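Report on one structure; see the data block that follows.
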Amino acid sequence: MVPRYLNPIEWMAQIDGLPRLHAVLLVGVAVSMLAFGLRASKTYVRLLFATAAWVGGGMLGKMMVVTEWYVALPAALIALGLVWRVAGVLRPLVIGFVAGCGVGVLLVKGFEIDMFWAGFAGGAGVGVALALVASRFITALFCAVSGAVVIVSGIGAVVRLPGGMLSVGAYERYPMMFLVTGAVLFIVSMVTQVALEPDLPEDVPARGSSS
């Protein structure tokens, strides 16, 4: 059994079901990730936590029977303040969490082995380790995959044609076409991110600059 909120397939369905404005904003962020994921990875981590806090605050506001954004906005601002300085530390944890979810779902849905939590733990551990050992490569890989998946699952919610590949739910009806599209976006993203990222590693001053 796969918990709903830890299922990447469910995440794609939720993206596909977003209102158009929300889908446009999310797909826009995903497009920027394809190019600037490696350079601005900390910014995307901050956005992720702020968005999660906004959603959680909105749910809490609904339970409290008040206007949702009254709770969602302060929650998002508090989350943004808390993670602002530690986004770099949280980045491997985010990558590990998503990797764990992916491996767990693969075991259950792909190999029909009912060991989601074992797969989650193993995938999360390996994901965090790789993100620490090969930070630049894994960060670029994560941003390329995430951006491509969000675009593939959200483009129908943005365009909303009555039928065809740009309609809601089209990625489920045309899986091979969207698999190819996602693969192309992934390759282009990896090349673009590396080309746009400065040669010097993060936090290393340029030659001749003062410390």
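Just so it is clear, the structure is predicted and the values come from calculations on it, not from any experiment.
Remark: side-chain polar atoms of Ser189 are not paired, donor with acceptor, to backbone N or O of Leu185 under 3.5 angstrom. Between the side chain of Arg160 and the backbone N or O of Ala157, at least one donor-acceptor pair lies under 3.5 Å. In this structure, the side chain of Asp16 engages the main chain of Gly169 through a donor-acceptor pair within 3.5 Å. Between the side chain of Ser146 and the backbone N or O of Cys143 there is no donor-acceptor pair closer than 3.5 Å. Side chain of Arg46 to backbone of Trp84: a donor-acceptor contact under 3.5 angstrom is found. Looking at Gln193, its side chain never comes within 3.5 Å of a backbone N or O of Ala35 through a donor-acceptor pair.
Of the residues Leu107, Leu106, Val103, Val105, the one that meets the side chain to side chain contact (heavy atoms under 4.5 Å, CB included) test with Phe116 is Val105.
In terms of hydrophobic clustering, with Ile, Leu, Val, Met, Phe, Trp and Tyr side chains grouped at heavy-atom distances under 4.5 Å, Val126 and Val145 are assigned to a common cluster. Taking hydrophobic clusters as Ile, Leu, Val, Met, Phe, Trp and Tyr residues chained together by side-chain heavy-atom distances below 4.5 Å, Val149 shares a cluster with Met190. The hydrophobic cluster containing Phe142 does not contain Val184, counting ILVMFWY residues as joined when their side-chain heavy atoms lie under 4.5 angstrom apart, directly or transitively. One hydrophobic cluster, built from ILVMFWY side chains closer than 4.5 Å, holds both Val86 and Phe49. Hydrophobic clustering keeps Val150 apart from Leu179 (ILVMFWY residues linked when any side-chain heavy atoms are closer than 4.5 Å, directly or through intermediates).
A distance of 11.0 Å separates OG1 in Thr43 from CE in Met33, rounded to the nearest 0.5 Å. Here CG of Leu60 is found 15.0 Å from OH of Tyr70. Values are rounded to the nearest 0.5 Å. For the atom pair CG of Leu141 and CG of Leu38, the computed distance is 11.0 Å after rounding to the nearest 0.5 Å. The CD1 atom of Ile155 lies 12.0 Å from the CD1 atom of Ile15; values are rounded to the nearest 0.5 Å. Interatomic distance, Leu47 CG to Leu80 CG, rounded to the nearest 0.5 Å: 7.5 Å. Atoms CE and CD, from Met12 and Glu172 in turn, are 8.0 Å apart once rounded to the nearest 0.5 Å.
The two residues Trp11 and Val98 come nearest to each other via the heavy atoms CZ3-CG1, 4.3 Å. In terms of heavy-atom proximity, Leu130 sits nearest to Ile138 at O-CG1, 3.4 Å. The two residues Ala23 and Gly154 come nearest to each other via the heavy atoms CB-O, 4.3 Å. Closest non-hydrogen pair, Ser41 versus Arg91, comes out as OG-NH1, 2.5 Å. Scanning all heavy atoms of the two residues, the minimum distance from Ala170 to Gly164 falls at CB-O, 3.4 Å. Residues Gly182 and Ala148 come closest through the heavy atom pair O-CB, 3.7 Å.
When side chains are defined from C-beta on, Leu18 counts as touching Leu26, because their heavy atoms get closer than 4.5 Å. When side chains are defined from C-beta on, Ile151 counts as touching Leu34, because their heavy atoms get closer than 4.5 Å.
With sequence neighbours left out, the ring-ring contact (aromatic ring centres under 6.0 Å, His included) criterion links Trp69 to no other residue. In terms of the side chain to side chain donor-acceptor pair (under 3.5 Å) criterion, residue partners of Glu10 (sequence neighbours excluded) are, by chain and number, Arg4, Gln14.
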_CA sep, side-chain torsions, deciding dist, call: Leu25, Val29, side chain to side chain contact (heavy atoms under 4.5 Å, CB included)_ = CA-CA 6 Å; Leu25 293 174; Val29 171; 5.7 Å; no
- In sequence, state the C-alpha distance, the side-chain angles, and the governing distance for Ser32 and Tyr44, and then conclude on side chain to side chain contact (heavy atoms under 4.5 Å, CB included). CA-CA 10 Å; Ser32 72; Tyr44 296 115; 2.8 Å; yes
Evaluate Ile95 against Val128 for side chain to side chain contact (heavy atoms under 4.5 Å, CB included), listing each step before the verdict. CA-CA 7 Å; Ile95 294 173; Val128 171; over 6 Å; no
Checklist entry - Under the side chain to side chain contact (heavy atoms under 4.5 Å, CB included) criterion, do Phe36 and Thr192 qualify, and how do the steps go? => result CA-CA 8 Å; Phe36 305 109; Thr192 304; over 6 Å; no
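Below 30°, between 30° and 60°, or above 60°: for Tyr171 and Phe178 the angle between ring planes is above 60°, a perpendicular geometry.
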